Every structure is written in structure tokens, then in C-alpha cells.
Undergrad: 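First, the structure itself, so that you have it in front of you.
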Amino acid sequence: MSDLARQQADRVFYTWSAQASAVPLEIVGGEGARFTTADGARWWDLGSMVWNAPLGHGHPRMKAALAEAAARGLLVTPSAVFPDKARAAALLAEVTPPGLEKTFFCLSGAEANENAVKMARLVTGRNKIVARSRSYHGATLAMLSLSGDPRREPFEPGLPGVVRMGDPYCFRCPWGKEPASCAHECAGDLEVVLSREGPQTVAAVILEGIVGANGVFTPPPGYWRKIREICDRHGVLLIADEVLSGFGRTGRWFAVDHDGVTPDLMTMAKGITGGYAPGGAVIVTERIARHFDDHVLVCGLTSYAHPLVCAAMVAAIETLRDEGLVQRAAALEPRMRAGLRELARTRPAIAEARGLGLLWALELCVPGPGGVRGRDPLPASTMAKIAAALRRHHLHLHKRDNLIYLAPPLVIAEAELDEALGQLGRALDEGLS
Ligand SMILES: Cc1ncc(COP(=O)(O)O)c(C=O)c1O
């Protein structure tokens, strides 16, 4: 550990870890899908930092946009009017599904979801929120309450009025269905939950575009259409949490675009600024926007639509659009799929490789006799060996339980992706040996 890392460890907390076992990463620079640490090592960023860097490291347009905004040095109040604020909202209306019109700005995904839930309660006058059994919506107390994530447990009892529905986790289908017999039971579960709770008591259902940190569950085609139809029939608002799955990550601007669905409220963060500034937003339909014409919007924050954040949003969205990076994620999907299937072919511990665009997960299980693929998760001790091997091979990617996630920046070149997957294969062999 360097002097700087030691000095920092005395004064600054690391997130989601016992402080003694945190693994510091002293990043000093980077370009595209690679970054460099203080010891001179060059890493592959296969996690896009925290799933929030679709434009990769050191993007010249982002550096220039932030430098210009910093040079302007504008101080604002939440009611301020300035060009980047109007432009960011116009761009969001342009790239989000048709019918989403008006934006509320904030600084993070958790805040975006907090405000979306508040708006849904204000509009409907109802209290309950339906969320998935496995989901993540942020680390604030209220959003952890909504999250179907073990990280919620130390903070129970949480927000009252949270109701759970089942997951589109096809590898371990909660209804025991195979793809051939699937009738979207996971989407139909919303109907069951609403009938049980009484739809007139439910303000909204909040669903990640694609469940991210809890396992990359790619729902069967038509899933979102069915959810939309159930919400419409019962007058329940639909909130799509596109914090992780948005801004091209899945090969479309937003995951709901795969099904052509417009939610009532959509939350965004992470890629919205390319990771170059802390940003988030809620965009809503005309109907919800109109409600607040003559009802108080009881939502706000000091750094609402901060000029540095708005400049980063404008630059990031324009860069994604002008460099065709959303289409690039879609174009790289077959290469990623083929590369991961090839890794799995000779490594029976990879029970499933699943994903869309450049958002993937490997589920690792104990192989059955004769090397057949198993279902029992690899033990924590083996996963710890794998994690150490990944670090030795300078691969930055997210790991959780028996899952390894792959989400490289959308700017990664074909040859770089091949090289990085080769490195992943070598690291897995070391960890599994
Ligand atoms: C789907 C989803 N929603 C919300 C959040 C929370 O975002 P933030 O950490 O910016 O508050 C995350 C973070 O990983 C996320 O994956």
C-alpha cells in the first residue's frame, strides 16, 4: 500500500466494506477502456468504474466541457435559468422513450428514485410501492427499503408499504419454467400482487430496466409490455429505474426500448454524465408534469441542476449520440456473447453467461459429475481466490456472491475486448485451480 493510500485509509471510509479488508485502487489516469494505477500497472476497466463510465477514461470532449463550465464559474439557485440546464432537459426528452417530457434533476441514482417515488405518491395520493424480490435502487434508507437486496437487512424495519413481486430470473425461474413453456409468469405476478393488495392502494411499481447488481436478469421479450398493460388496467404508475441499464449499456438508449415501452416516470444516473460528474434525473410524462402545474412539487435539493453537472450531462449525451456508442454496444453484443460462451465451453464452473449489449454476468456454480454444469453456487472461498486472481491480472470488474459482471466502456475496441476476455480466462483458470 502506498503512503497516500495509508494516509487516506486513516481519514476516509471505503464503501460497502469492513475498512480493514478494503482494497484501495490508486488510479492516476486512463484512456478508453484502460486505466493506470500509481504502481504503473495498466488495468482493463471491465466494470466501467461503477457501471457509470460508458465513454471510458480521459474522454477529450468531457474534459473540455467540464473545463469550460468550471471556467464560467457560475453560481446558481435551483430556480436559475441557463443554457446547459435547458439543453440537458431537451436532450433527455430526445433520447428517452416518446412521451417522456419533463425532467427533475438530482445528483445520484438513489436521489432519482427517491424523487420518483415521492412524485408517484403525490400524484396518486396512494402509499404502496411494488418492487422486485431481487433489485437495487440505492443506498439511502428509503431506497434500501425498496431494494430486494441483502444489504437492506441491517436497516429493517424500513419504509412501510413496500410490496414484493417475483423476478425474471430465468436461470432459476421462480415458477420452475423452461424458456419453451414461459408465459411471462414473472410479469403476471404483478397482477397477483395487485389483486392481493388492492390496486387502489398502490401508487407505483418500480423495476430496474434490467436487474443489474443483483445478477443481470434479462427479461423475456414482451415482459415490459405485459407490465405496462397491467399497470394501465389498474391505474398504477410505472417507474423504470434505468440508473444502471440506461445510456446505451444494453445496446439501446434504455432497456425499456427493447420492448418499445414508455414508463410514467424514468430514473437515470451513472452514464448520464459519463461518470465525469455526479448526476441523476427523473423524467416524467406530460400527464404527471401537468399535475404539478397546480400542485406543489414537494421535492428539491441545494445542488439542483448544478452547472457542472448539466455541462457534463450535455457533453455525455451528445458524445454517446455523435459517436454512435449506443449502436456500438449493440454491435459488440455478439462478440461478447461468443467470447463468454467460448470461456464457458472449457470451464464447466461457468453455469451461465447472460446479458444484453455490453451488460453481462457469469454465474459460477459447482460443476456436476463428468463436468456437467451445476446449480449450486461456487463457495465463497473459491470466489475469493477468483477475486484475487482477477486483481493480479489487473482486471477491474464487479463481483458478488457467485457472480462476475462484465460491463466495459462502450468505446472498447473489438481487439481490446478479445484481449481482455483472454485475460479473464487466464485469471479464472488461476482462481479455479
Ligand atoms: C439500478 C440502480 N438504481 C439505483 C442505484 C443507485 O445509484 P447511486 O449509487 O448513484 O445512488 C444503482 C447503483 O448501483 C443502481 O444500480
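First listed ligand is number 1; within each ligand, the first listed atom is number 1. On a predicted model such as this, the values are computed, not experimentally measured, just so you know.
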Undergrad: Closer than 4.0 Å to some heavy atom of Ser108 - which atoms of ligand 1 meet that?
TA: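 Listed by number with element, the hits are 10 (O), 11 (O).
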Undergrad: Only heavy atoms of Gly109, strictly under 4.0 Å: list the atoms of ligand 1 that pass.
TA: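 This gives 6 (C), 7 (O), 8 (P), 10 (O), 11 (O) as the contact atoms.
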Undergrad: Under a 4.0 angstrom heavy-atom cut-off, which atoms of ligand 1 come close to Asn113?
TA: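 That gives atoms 3 (N), 4 (C) of ligand 1.
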Undergrad: Kindly assign one of parallel, tilted or perpendicular to the pair Tyr169 and Phe217, based on the angle between their ring planes and the thresholds 30° and 60°.
TA: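 Rings of Tyr169 and Phe217: parallel, as their planes differ by under 30°.
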Undergrad: Please name the pair of heavy atoms, one in Ala269 and one in Ser108, separated by the smallest distance, quoted to 0.1 Å.
TA: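 Scanning both residues, the minimum pair turns out to be CB-C, 3.7 Å.
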Undergrad: Measure the shortest side-chain to side-chain distance between Ile129 and Val202 over non-hydrogen atoms and say whether it is less than 4.5 angstrom.
TA: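 Ile129 vs Val202: side chains apart.
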Undergrad: Nearest protein heavy atom to atom 14 (O) of ligand 1, by residue and atom, and its distance?
TA: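 Here the nearest protein heavy atom works out to Lys270 NZ, 3.0 Å.
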Undergrad: Can you see whether Trp16 has Arg151 sitting over its ring - NZ or CZ less than 6.0 Å from the centre and within 45° of the normal?
TA: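 The answer is yes; both the distance and angle limits are met.
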Undergrad: Mark up the atoms of ligand 1 that fall under 4.0 Å of a heavy atom belonging to Val243, in ascending order.
TA: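 The list of qualifying atoms is 2 (C), 3 (N), 4 (C), 5 (C), 7 (O), 12 (C), 15 (C).
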Undergrad: Number the atoms of ligand 1 from 1 as they appear, then name those within less than 4.0 Å of a heavy atom of Glu208, with their elements.
TA: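 Counting atoms of ligand 1 from 1, those under 4.0 Å from Glu208 are 1 (C).
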Undergrad: Relative to the heavy atoms of Ala110, which atoms of ligand 1 are at a distance of less than 4.0 Å?
TA: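 Result: 6 (C), 7 (O), 8 (P), 11 (O).
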Undergrad: So does His137 get a backbone contact from the side chain of Asp241, meaning a donor-acceptor N/O pair under 3.5 Å?
TA: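 A pair under 3.5 Å: no.
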Undergrad: Do you see a protein non-hydrogen atom under 4.0 Å from atom 9 (O) of ligand 1?
TA: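 Looking at atom 9 (O) of ligand 1, one finds that no protein heavy atom lies closer than 4.0 Å.
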Undergrad: Evaluate whether atom CZ of Arg42 has more than 12 neighbouring non-hydrogen atoms of other residues, nucleotides or ligands under 6.0 angstrom away.
TA: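 Open: at most 12 neighbouring heavy atoms sit under 6.0 Å from CZ of Arg42.
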Undergrad: Any N or O of Asp241 that comes nearer than 3.5 Å to an N or O of ligand 1?
TA: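 So ligand 1 has an N or O lying under 3.5 Å from an N or O of Asp241.
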Undergrad: Are any of the N/O atoms in Trp51 less than 3.5 Å from those in ligand 1?
TA: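 Trp51 vs ligand 1: no N/O contact under 3.5 Å.
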Undergrad: Specify whether Phe35 and Trp43 have parallel, tilted or perpendicular ring planes, treating 30° as the upper limit for parallel and 60° as the lower limit for perpendicular.
TA: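 The rings of Phe35 and Trp43 lie parallel, inter-plane angle below 30°.
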Undergrad: Verify the distance criterion only: is there a donor paired with an acceptor across the side chains of Glu114 and Thr140 at less than 3.5 Å?
TA: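 Yes, a side-chain donor-acceptor pair sits under 3.5 Å.
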Undergrad: Suppose I only count heavy atoms of Leu244 and a 4.0 Å limit; which atoms of ligand 1 are within that range?
TA: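 What qualifies from ligand 1 is 16 (O).
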Undergrad: Could you find the nearest protein heavy atom to atom 2 (C) of ligand 1 and give me its residue, atom name and distance?
TA: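 Protein heavy atom with the smallest distance to atom 2 (C) of ligand 1: Tyr136 O, 3.3 Å.
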